[in-house]
Each structure stands twice: as C-alpha cells, then as structure tokens.
Amino acid sequence: MNLLRRLVPDGLAGRFALLLTAALIVVNLVAATLLSSERRRFGHEIGEARAIERLALIVPLIDAASPADRGRVADLAQDRFARVEIGPEPIVGPGETEMLATTQLRAALSALGSEPPELRARTGDGERGDRVLLSVRLDGPGQTWLNVRARPLGPAPPSDPVPFLRVLLLSLAAVLAVAVLFIRHLTRPLAALAAAARAAGRGDRLARVPEVGARELRESAHAFNEMQARIARFDAERTRTLAAVGHDLRTPITSLRIRAEMLDEADREPIVRTLDEMTVMADSLVAYARGQADVEASSDLDLAALLARLCEERGAAMTPTPPLMVRGRPVALSRAFGNLIDNALRYGGAARARLERRGAEAVATIEDDGPGIPAGRIEAMFEPFVRGEASRNADTGGAGLGLSIARGIVGAHGGELRISNRPEGGLRAEVLLPLAH
C-alpha cells in the first residue's frame with residue numbers, strides 16, 4: 001500500500017494524467033483484442049471459402065473419371081492442403097451436415113455445371129485442423145464416396161504489433177497534450193486559492209482569489225473572498241475597540257497619578273508603580289491597534305538596509321549583508337523588527353542580527369544570550385498580553401504585545417515568524433519574507 005501511494009502522483013494534475021493514461025491503454029488493448037479476434041474470424045471464413053472453391057474444382061474431375069481411374073485422379077488431386085480419398089463410407093454423416101457449407105458447395109458446383117447425386121459437407125475439424133470436410137456419393141456401380149479433407153491454402157500472417165504501438169503512442173501523446181492544457185487551466189484557480197488560504201492563515205486579510213474558472217471553482221473563490229471580508233471587518237472592529245480602550249484609559253490613569261502625587265511617599269510609591277504598569281498596558285494597546293490597522297502602502301525596499309538601520313539605532317550587532325529586496329510596508333516592518341530587537345536587548349542583554357537568502361525567501365535572524373523560553377510556552381508567546389515573566393513592570397518589559405504585533409505584521413507580508421531556543425543558550429527569532437520579483 002505504501003509503495004502504491006509513492007507511485008501515485010501527489011498533485012491533482014498528475015493523478016488525472018495517470019488515470020487518463022491508464023484508461024487509454026486499457027481501451028486500446030481491448031480494441032486491439034477485439035480487432036485481432038475479428039481478424040482471425042475473417043481469416044477463417046476466407047480460408048473456408050477458398051477451400052470450398054478448390055473442392056468445387058476437384059469433385060467434377062473425379063466424378064467424370066471412370067471407376068478404375070478415380071483412385072489415380074484422387075492421388076493426383078492431393079497436396080498438403082487437401083487429402084482426397086475414394087472409399088465405401090462417407091466421413092461426414094447425415095446428422096453432421098452443415099446447411100451453409102453444403103449450400104456453398106452446391107452453388108459452386110452448379111456454377112461449373114456439375115450436380116452430384118448426394119453431397120455432405122461441414123466445416124471445422126478440431127482434431128486435424130481441417131477447415132472443410134466433404135463427402136460426395138459418386139455415380140457408378142455400388143456405393144462409392146469421394147472424401148476430402150481440405151485446409152486453408154495458407155495460415156494467416158501473424159499480426160505486426162508495431163503499427164498498433166505507434167497508434168497507441170500517438171493517441172496517448174495527443175490526448176495527454178490536450179489533457180495537460182485542460183488540467184493546467186483547471187488547477188490554476190485551485191493553486192491560487194491554496195496560496196491565498198496560506199496567506200490568510202498568516203494573517204494577510206487583503207488576500208483575495210480571482211473568481212474565474214468552472215462554476216464550482218468560482219463559488220469556492222467567492223466563499224473564500226466573503227470569509228476574508230468578514231474576518232477583515234471583525235479584525236477592524238476589534239482593533240478600533242482596543243484603540244478606544246487604550247486611549248480612554250489614559251485619562252483616568254493620568255488623573256489618578258496626579259492624585260497619588262499628593263499622598264505621602266510611603267503610600268504614593270506602590271500606587272504610582274501600579275499606575276505606571278497600567279500606563280504601559282494602555283500604550284501597548286494603542287500600539288497594537290495601530291499595528292493592526294496600518295494602511296501604509298507597500299513598496300520594494302532593501303531589507304538589509306532597514307535591518308542595519310534598526311540595529312544601529314538600538315546598539316545591536318549585525319553581520320554585513322548585500323542588498324535583499326522585499327515587497328512590504330517600511331514603517332510596519334520597522335515596527336516588527338524593532339520589537340524583536342528590543343525584546344532581545346531587554347531580556348537577553350544583547351542582540352545580534354544577520355540576513356541571508358534561502359531560495360525565494362529572505363531570512364532575518366535575531367539572537368540573544370538570555371534565559372530563553374520554556375519549550376512548552378513558545379507558541380503561547382505569540383498570543384496578546386503573554387510575557388515570558390509574570391510581572392508587567394515597566395522596567396522589565398511591556399504588556400506582552402511585541403511578538404503578537406511582529407507576527408501579525410510579518411504574516412500580513414506573506415511571511416512567517418519563528419522563535420526557538422538556541423542549543424548554546426538564548427533565544428533565536430527567524431523572520432521569513434518572500435523576495436520581491
């Protein structure tokens with residue numbers, strides 16, 4: 001079963017081509033078998049007809065000879081295709097006579113002006129391979145029979161498989177050429193739908209599918225586009241809600257801070273610390289909403305230059321890299337990479353960045369020497385408001401939105417953000433972005 005699965009193509013186009021090829025081969029083999037059977041049958045009929053014509057020439061010669069000369073004439077009439085004997089008993093009994101063979105022989109003899117008193121004939125003798133057996137009662141004293149066993153004048157020539165193979169290959173090539181064009185036209189919308197679904201899974205809410213092709217494909221594309229539009233509206237509403245909450249929280253926090261400043265130092269310090277943490281959360285909410293609702297236009301940009309600028313501004317190290325062009329929104333990408341570098345500096349004490357090309361993607365790697373993240377919490381770190389440590393102190397970090405913002409921005413660019421622990425210690429963040437065409 002596993003071997004069969006490996007032999008069967010994985011793609012729809014390959015499976016359709018394989019199925020079509022198998023169907024064409026089976027149909028051609030069945031047609032070849034039927035044609036070969038008809039050819040043999042037709043050859044048998046021709047052989048029988050030729051044998052009957054030859055018998056129609058032998059019978060008048062022997063019947064016209066004198067009884068004493070009939071044996072000698074029969075010997076002369078024999079060859080490797082017909083055995084002619086004179087005897088007292090017929091080789092074809094009354095019950096074995098076939099009407100068709102008898103009628104054909106009588107017609108042939110009548111055309112030659114000869115009418116024997118009694119004629120018996122049948123076709124096909126499996127034991128000897130004879131095609132026609134004939135018994136004719138001859139005129140004269142007593143009961144004398146002329147018995148003839150006749151074969152076809154020659155076997156049918158064997159079939160040449162080369163023409164059949166040529167026709168099979170030509171038909172396969174022609175049909176597969178048309179089928180491949182049809183399959184490519186059929187599967188192109190499916191490939192576009194799959195690419196758009198992957199982009200949507202990475203957070204790109206602008207991904208749409210052209211509504212072209214067959215009715216089922218158009219309906220699938222339309223349903224996907226509607227789903228994307230509904231999700232985009234939901235995200236926009238959620239973003240507006242987060243922005244409003246973050247913005248509206250600033251006013252009461254500021255008012256409470258002013259009131260707290262009037263308290264004694266012993267009472268003021270814990271309240272101000274709590275208010276500072278609430279300020280960080282409010283600012284992070286606004287930043288998160290701004291990153292989700294960014295409508296900046298995309299353009300071709302040098303990712304190496306952008307990453308080098310961000311590292312220089314923050315005091316991070318970067319390996320020199322040749323220009324790598326990607327299609328994206330400069331401000332949004334700056335925010336995403338800035339968050340990753342800031343996290344490395346904040347939690348790891350240092351940040352090292354490098355950029356390389358892998359196939360059709362640009363891969364940016366940012367590493368630190370910090371404590372890393374427990375393996376079971378890595379995926380959870382991408383969720384909003386989740387941090388590596390529980391406190392929300394402004395001195396140790398933000399509200400846990402940096403990775404979530406970065407992943408959303410990278411996903412909206414058709415890329416992917418991965419984080420993992422380094423074997424030698426620290427955290428590694430990899431950003432994969434498609435190169436500009």
Side-chain angles (χ1 to χ4, degrees), residues 5 8-20 23 176 178-245 288-300 326-329 332-333 335-336 359-362 379-380 382-386 401 403-418 431-437:
R5 289 179 179 176
V8 174
D10 187 54
L12 178 62
R15 292 187 178 187
F16 188 84
L18 178 63
L19 178 62
L20 187 61
L176 283 179
V178 176
V180 166
L181 293 176
F182 172 75
I183 293 170
R184 288 173 61 88
H185 178 74
L186 179 66
T187 56
R188 191 178 296 113
L190 292 177
L193 179 60
R198 286 192 293 269
R202 292 190 293 261
D204 185 0
R205 298 301 167 218
L206 299 178
R208 295 292 186 271
V209 183
E211 298 180 14
V212 297
R215 175 174 55 83
E216 293 81 2
L217 296 176
R218 294 197 306 272
E219 291 177 353
S220 299
H222 182 70
F224 176 84
N225 292 337
E226 282 191 338
M227 178 190 71
Q228 278 285 82
R230 287 195 298 269
I231 296 177
R233 288 193 296 269
F234 172 78
D235 285 347
E237 184 63 29
R238 183 188 63 175
T239 299
R240 285 193 294 270
T241 302
L242 289 174
V245 170
Y288 179 74
R290 186 185 300 118
Q292 294 293 312
D294 201 342
V295 292
E296 178 188 7
S298 295
S299 62
D300 290 342
V326 298
R327 183 77 178 174
R329 302 190 294 272
L333 287 177
R335 185 179 301 119
E361 292 181 322
E379 188 61 29
F382 291 108
E383 298 298 326
F385 307 109
V386 175
L401 289 171
L403 283 178
S404 181
I405 293 173
R407 189 184 213 183
I409 292 173
V410 172
H413 284 76
E416 184 179 1
L417 171 60
R418 304 170 183 170
V431 177
L432 291 77
L433 290 171
L435 294 171
H437 297 292

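If you're wondering where the values come from, they're calculated on a predicted model, not measured in any experiment.
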Q | side-chain hydrogen bond (donor to acceptor under 3.5 Å, both in side chains) partners for Arg233, two or more places apart | A |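 Arg233: no side-chain hydrogen bond (donor to acceptor under 3.5 Å, both in side chains) contacts found.
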**Q.** For Glu219, all residues meeting side-chain hydrogen bond (donor to acceptor under 3.5 Å, both in side chains), sequence neighbours excluded
**A.**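 Residues passing side-chain hydrogen bond (donor to acceptor under 3.5 Å, both in side chains) with Glu219: none at all.
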Quick one: pull up [atom1] in [X] and [atom2] in [Y] and give me the separation to the nearest 0.5 Å.
X	Y	atom1	atom2	result
Leu217	His222	CG	NE2	14.5 Å
Glu416	Leu433	CD	CG	10.5 Å
Arg335	Ile405	CZ	CD1	7.5 Å
Arg208	Leu193	CZ	CG	12.5 Å
Leu417	Leu403	CG	CG	6.5 Å

Using every non-hydrogen atom in the two residues, find where [X] and [Y] come nearest and quote the distance to one decimal.
X	Y	result
Ala192	Val209	O-CG2, 4.2 Å
Leu432	Val410	O-CG1, 4.3 Å
Gly414	Pro434	O-CD, 3.6 Å
Ala221	Pro210	CB-O, 3.8 Å
Asp300	Ala436	OD1-CB, 3.8 Å
Gly359	Leu435	O-CD1, 3.9 Å

